[in-house]
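Below is one structure; the comments refer to it alone.
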Amino acid sequence: MYISLVSVMMIATLSVCKGHREKICNVFPKDLHVEVGSSVELVCQTSCSNGKFFWTLNSKNISESLSKTINSTHIALSLRNFTQSSATVECRSSYMDQILGGIIIKTFSKPENIACVLPVKVGVPDLFTCTWKHRMNSSQTINYTILHSDSLDEICESQVPKCTSKDKIAWRIFSKSHNKIIVRAKTADWEVYSDPYTFNPLHILKISPPTWTVISPSLDHLSFEWNPCCVQNKCHCQVKYYKTSSSNDKAIKYLSRPPSPFSAITEDMESCIKYNISVRCVFNESLWSDWNQEITVLTKLKKRHIRLRLWRNVAKQGKNGKRKVHLMWKGIPSTCEEVLNYTIKQIPYGDNATTGNYTYTSCGSSSCDVDVGQNTQKLYLTVSINDALLAEDSVYVPALAQTGLPQVFSIQTTTHEGVIQVSWNASEKTISSYIIDWTHDGNQYYWKESTFTNATLFGKLESVYKEYMGDW
Ligand SMILES: *[C@@H]1O[C@H](CO)[C@@H](O)[C@H](O)[C@H]1NC(C)=O
Ligand SMILES: *[C@@H]1O[C@H](CO)[C@@H](O)[C@H](O)[C@H]1NC(C)=O
Ligand SMILES: *[C@@H]1O[C@H](CO)[C@@H](O)[C@H](O)[C@H]1NC(C)=O
Ligand SMILES: *[C@@H]1O[C@H](CO)[C@@H](O)[C@H](O)[C@H]1NC(C)=O
Ligand SMILES: *[C@@H]1O[C@H](CO)[C@@H](O)[C@H](O)[C@H]1NC(C)=O
Ligand SMILES: *[C@@H]1O[C@H](CO)[C@@H](O)[C@H](O)[C@H]1NC(C)=O
Ligand SMILES: *[C@@H]1O[C@H](CO)[C@@H](O)[C@H](O)[C@H]1NC(C)=O
Ligand SMILES: *[C@@H]1O[C@H](CO)[C@@H](O)[C@H](O)[C@H]1NC(C)=O
Ligand SMILES: *[C@@H]1O[C@H](CO)[C@@H](O)[C@H](O)[C@H]1NC(C)=O
Ligand SMILES: *[C@@H]1O[C@H](CO)[C@@H](O)[C@H](O)[C@H]1NC(C)=O
Ligand SMILES: *[C@@H]1O[C@H](CO)[C@@H](O)[C@H](O)[C@H]1NC(C)=O
Ligand SMILES: *[C@@H]1O[C@H](CO)[C@@H](O)[C@H](O)[C@H]1NC(C)=O
C-alpha cells in the first residue's frame, strides 16, 4: 500500500475540510500489479477539495484526454498499454496544488522463450529440463510451476527460471508425440501464465557429447575420430577448432559436415601451431549435444607452407682471400618440433665442369655462415626431414669484381620511437624490388623486401645494407 508522506498529511488535513459533502479524497484501487501492456482504470474521489482536478504520472501531468469526470465527486483515469516497471500515479487538485491520493503501479510480464530439453545418456531420457525468460524487477519470491496445459498437472516447480523434473515425467513426455506446457509465475500479489509451448519430444532430445578416440597429426593434415553416441544413419557431427594463441579473437573455424559422423580430416591448419579442437553431434532433428572436451593438438610442419626467402650478407674479402657469407632464411616456425636437416650447397656459378664437387655445410635452423672465393657462387639451402626434401631455395653471390648490380644512392634514415624509416634514391634502371638487410649486433640479421624506394624497419639501427637482386 502506497501513500507518500505528503499525501498522507494532505488527506489528513483535507478530510476535515468544511462542507456539506463527505469530505474524503482517495484513489482506487490501491496498489496495483498489472501485466505489462495491459490497461489500467483508476478512480479518484475528490470530495475533500475544490479546484481543477488532474492526474500525474511520476509527477508529470497526464494528458487531460485520458481523464474523465464521472460525477461531482469522482474522476476517472484510463491508461492503455501500461509498460513501466514501476510508476507513481497521483490525483491532484490545482487548488493549492493538493495531492488527493496516489498509488504505485507495478507491472509484471509473462514467462517467455521457453526451451526444454530431454537429455539422453543411455537409451531413453530420464530428465526433463526447461528454462525460460522472465523480465522482472522485483525482489519478491516467485514460484514457478510447469504445468501440462490441458490437464494442468504439475510437471515441476522452482523459484528460478529453470526447472528439472525427473524419472517418470521425462518418460511420459518422451512417450507422447506432442506435448503442450505452460509456465505459471506466482507471487503473493499476482500470478501470470506463459503462452503455451508445444513440442515434439524427438526435437528436444539432446545426446551426450562425443568422446575422442584417435587424434593423429600427419605431415599434411590432421585426422581425428570420435565415438558419436548416436545411431549412424541419423547422426551428424560438427568439428570446431581454433588456434590457442589467438586468445582474444578465437577465430573459430568449423567443419560443418564432415563426410563421416565418426571422423574428420582438416587440411587448412597452419604448420606447427597448437589448435584446440572439439566436436559435437546431433541425432536426427533434435538438439546439438554440448561440445566435447577440447583437446590441444600441435600440427606438423607442412611442406607446402614453407617459403624460405633465403637471403645473404656478403662481408668484404678477408686476408685468406675468402669472403664470409652470412645466409639467413625464414619460413620454418620456431614452434616446430620436427628435427630438420638444413644444408647449404655451394656451386660455382656457370661452371658446369665441377659437377659433383660441391661444398656442403650443415647449418642451424635460421642462419649459416659459409666462405666463398672471389668468383660468382650460387648457394642452395635444402631443408629435409629423414632424407626427404621439404624445401629448397637459392641465392646468388656476385663475383668480387662484378659491378653489374644497379647502385642506390643517398640512403637516408630517420628514427622515431624505435621505428626506422629508410629511403633512398631510385636507380635509373628498372627494378623489380629492393632488399634491405640490417643488423643490430652483426650476428642477427633482418631483411625485408620493398618495391618502393623506402621501408619501415623496427629496432635499433646500426648499419643498413641495401642491394638489388634481379629475380630473387
Ligand atoms: C498540470 O495541469 C494542471 C491542471 O491543468 C495545471 O494547473 C498545471 O500547471 C500543470 N502542470 C504542468 C507542469 O504543466
Ligand atoms: C459518483 O460515482 C462513483 C463511482 O462510480 C459512485 O461510487 C458514487 O456513488 C457517485 N456519486 C454520486 C453522487 O453519484
Ligand atoms: C505498447 O507500448 C509499447 C512501448 O511503448 C509499444 O512497443 C507497443 O507497440 C504498444 N502496444 C500497443 C498494443 O499499443
Ligand atoms: C527496477 O526498479 C527500481 C526501483 O524499484 C528502479 O530504480 C529501476 O530503474 C527498475 N529497473 C527497471 C529495468 O525497470
Ligand atoms: C511458494 O512456494 C513455497 C514452497 O512451496 C511456499 O511456501 C510459498 O507459500 C509459495 N509462495 C507463493 C506466493 O505461492
Ligand atoms: C585449449 O584447451 C585446453 C584444454 O585442453 C584449455 O585448458 C585451454 O584453455 C584452451 N585454450 C584456449 C585458448 O581456450
Ligand atoms: C530424421 O528422421 C526422419 C525419419 O526417419 C527422416 O525423414 C529425416 O530426414 C531425418 N532428418 C535428419 C536431419 O536426419
Ligand atoms: C643432411 O642433408 C645432406 C644433404 O641433403 C646430407 O648430405 C647429410 O648427410 C644430411 N645430414 C644428416 C645428419 O642427415
Ligand atoms: C652449362 O650447361 C648448360 C646446359 O646444361 C649450358 O647451357 C651452358 O652453356 C654451360 N655453361 C658452360 C660454361 O659450359
Ligand atoms: C674438387 O675440389 C677440390 C678442392 O676444391 C679439388 O682439389 C679437386 O680437384 C676437385 N675435384 C674435381 C673432380 O674437380
Ligand atoms: C636524390 O633525389 C633527390 C630528389 O629526388 C635529389 O635532390 C638528389 O640530388 C638525389 N641524390 C642523388 C645522390 O642522386
Ligand atoms: C613508401 O612511400 C610511399 C609513398 O610515399 C608510401 O605510400 C609508403 O607507405 C611508404 N612505405 C613504407 C614502408 O614506408
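When a ligand or atom number is given, it counts from 1 through the structure's own listing order.
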Report task. Compare all side-chain heavy atoms of S367 with those of H326 and state whether any distance is below 4.5 angstrom. Result -> yes

Query raised in the report: What about the rings of W288 and H236, do their centers lie closer together than 6.0 Å?
Result: yes

Query raised in the report: Which protein heavy atom lies closest to atom 9 (O) of ligand 1, and at what distance to 0.1 Å?
Result: N61 ND2, 4.8 Å

Query raised in the report: Within the structure, does K52 bring an N/O atom to less than 3.5 angstrom of an N/O atom in ligand 1?
Result: yes

Requested in this report: Show which atoms of ligand 1 fall inside a sub-4.0 Å distance from at least one heavy-atom site of E64.
Outcome: 5 (O)

Query raised in the report: How about C156 and C163, are their SG atoms within less than 2.5 Å of each other?
Result: yes

Query raised in the report: Quick one: are N284 and L202 in side-chain contact, heavy atoms under 4.5 Å?
Result: no

Query raised in the report: Given side chains that start at C-beta, do those of I146 and I114 come closer than 4.5 Å, heavy atoms only?
Result: no

Query raised in the report: Polar-atom distance check: E294 versus ligand 6, any N or O pair below 3.5 Å?
Result: yes

Query raised in the report: Just which atoms of ligand 6 are under 4.0 Å from any heavy atom in T296?
Result: 1 (C), 2 (O), 3 (C), 5 (O)

Query raised in the report: Among the heavy atoms of R92, does any lie under 4.0 Å from an atom of ligand 1?
Result: no

Query raised in the report: Can you tell me the protein heavy atom closest to atom 4 (C) of ligand 1 and the distance?
Result: F54 CD2, 3.6 Å

**Report entry** Polar proximity ligand 6 side, N276 side, N/O cut 3.5 Å exclusive
**Finding:** yes

Query raised in the report: Under 30°, 30 to 60°, or over 60°: which ring-plane class applies to Y144 and H134, parallel, tilted or perpendicular?
Result: perpendicular

Requested in this report: Would you mind finding which of T83, V36, N81 brings a heavy atom closest to atom 10 (C) of ligand 3?
Outcome: N81

Query - Parallel, tilted or perpendicular: ring planes of W212 versus F224, cut at 30 and 60 degrees - result: perpendicular

Requested in this report: Determine if the distance from atom 7 (O) of ligand 3 to the closest protein heavy atom is below 4.0 Å.
Outcome: no

